[in-house]
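In each ligand, atom 1 is the first atom listed, and ligand 1 is the first ligand listed.
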Amino acid sequence: MALNTEQFPEGAGSIMQAADLFAQAHLLPHAAHWGRGFFDRKALFEPAGAAGLMGLQVSREWGGLGLSFADKAKVLQQLAKIDFSAAMALVNSHNVVAQLAQASPQTLAPLYAERLMRGSIVACTALTEPGAGSDLGQIQTTAIRQGKGWLLNGAKTWIINAAHADGVVVYAQTQSGSGVKGIAAFFVLADSPGFERVALATDTALSSMGLGGFRLTNVYCDESHLVYAPGESFVDIMAAINRARAYVAAMCCAMVSQALSDVRAYGQKRTAFGQSLDQFQGWRWQVAQAATALQAAELMVGDACDRIDKGLDVQSAAAQAKLYATSMAQTHLGALLHAMGAEGFLDRYAFLRHLTAAHAASLTDGSTAMLLERVAHELRFRPGAG
Ligand SMILES: Cc1cc2nc3c(=O)[nH]c(=O)nc-3n(C[C@H](O)[C@H](O)[C@H](O)COP(=O)(O)OP(=O)(O)OC[C@H]3O[C@@H](n4cnc5c(N)ncnc54)[C@H](O)[C@@H]3O)c2cc1C
């Protein structure tokens, strides 16, 4: 197995330390450079694999760490403080390992789990298409039976890691007109004939996310590479999306926490009109408001993580945590950047990258509008929800 799990005894303490060391050694020196568009996957995934970060929630029998969801979220927070985009790239590949170990323990996990956890290969998850984002039931990528396998046709876009992934979990419609019920998931290798990458020129602040797309033209996928059969995949998608909402919310909190700590330090040392900035009520109230909103978001995130670990229904809690945390980050990262004056634009700080990331976070795994719809649905149909 790729990881020496002895290095990480049960419990999260030592992996937190490993995450911190990894972030200082492999994210901090690169983040600003990557944020200008010079991302190199080798500098991210292999060191992350060596640090144990690609097996956080993968069970110990597969060589992972078997952490709780709350601990996984804490590790991701440590990474997101420095580079949200890199943390998203890592967790997306990690999630595919955990999915293969759970859904395909006989076929796909033995083939790919070890290399994915080592970071020598990278994976991603592809739902979104050029014509279907929020409305997932409308995906047009098709999977048609062909002998002992399936023939896939279609296109995907806005996929984290798609710019360089070796394997992609592709969600495709197996039965036209059947909506979400006909959707199945396939593990498609990027070197399959008919797989063609489509580059996305995004804002450079997102470059370590490796965003991209691809076209599938008669890509043959063997039955052994079916991850979820039609009818099974939508339940898995929704559960995975709820979990992602919770950790994306946690990562938004981490970005604001980092920004607050930079602002507080700056407010003590920078003087204007004969006193330090933090002695001006107008200045420090902005900081106090951000700290208060952060505390509220952290409590919501903690509740969502706790519900996931206890196996409770998390739809509302995860939607509300992400709604609140992303909008809190969008609002307060802007205010905190302003509180730094021009200094905040220096690339030794992450304010601008974090702000772009917070806006991106408000779209991933359910846009703000979709989350509001989810909460409104609960309020209408579940008396007592709120
Ligand atoms: C940084 C980033 C990473 C991503 N990573 C992945 C990935 O790894 N895999 C993947 O499959 N996808 C990924 N996505 C895609 C993401 O899931 C979609 O962007 C998201 O689902 C929204 O879809 P859309 O962009 O097509 O917007 P649309 O669905 O076209 O929506 C456009 C706007 O209209 C609003 N809207 C839509 N429907 C309604 C409604 N009913 N009522 C009110 N407003 C509405 C939306 O909130 C949004 O503001 C990523 C996106 C981003 C930005």
Donor-acceptor contact present, side-chain [X] to main-chain [Y], <3.5 Å:
| X | Y | value |
| --- | --- | --- |
| Arg41 | His164 | yes |
| Asp313 | Gln315 | yes |
| Ser257 | Cys253 | no |

With a cut-off of 4.0 Å, which atoms of ligand 1 are near a heavy atom of [X]?
| X | value |
| --- | --- |
| Thr125 | 7 (C), 8 (O), 9 (N), 10 (C), 11 (O) |
| Leu127 | 10 (C), 11 (O) |
| Ala360 | 1 (C) |
| Thr128 | 10 (C), 11 (O), 12 (N), 13 (C), 14 (N), 15 (C), 16 (C), 17 (O) |
| Ala369 | 43 (C), 44 (N), 45 (C), 47 (O) |
| Ile159 | 7 (C), 8 (O), 9 (N), 10 (C), 11 (O) |

Looking at [atom], what's its closest protein heavy atom, distance included?
| atom | result |
| --- | --- |
| atom 8 (O) of ligand 1 | Ile160 N, 3.0 Å |
| atom 47 (O) of ligand 1 | Ser367 OG, 2.6 Å |
| atom 14 (N) of ligand 1 | Trp158 O, 3.0 Å |
| atom 29 (O) of ligand 1 | Ser134 OG, 2.6 Å |

Counting only heavy atoms, which portion of [X] has something under 4.0 Å from ligand 1: side chain, backbone, both, or neither?
| X | result |
| --- | --- |
| Lys156 | neither |
| Met209 | side chain |
| Leu211 | side chain |

For atom 40 (C) of ligand 1, the option (of His359, Met88, Met370, Gln138) bearing the nearest heavy atom: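 Residue with the shortest heavy-atom distance to the ligand atom: Met370.
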For atom 23 (O) of ligand 1, the option (of Ala165, Gly133, Gly131) bearing the nearest heavy atom: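 Result: the heavy atom closest to atom 23 (O) of ligand 1 is in Gly133.
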Contact (N/O only, under 3.5 Å) between Asp135 and ligand 1: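 Looking only at distances, the answer is no, because the N/O contact criterion of under 3.5 Å is not met.
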Check: Thr157 N/O within less than 3.5 Å of ligand 1 N/O: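 No; every N/O pair is 3.5 Å or more apart.
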Note: Arg380-Glu373 ion pair, threshold 4.0 Å (strictly below):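 No, Arg380 and Glu373 are not salt-bridged.
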Close side-chain approach of Phe195 to Arg197, heavy-atom, < 4.5 Å: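 Side chain of Phe195 against side chain of Arg197, heavy atoms only: contact under 4.5 Å found.
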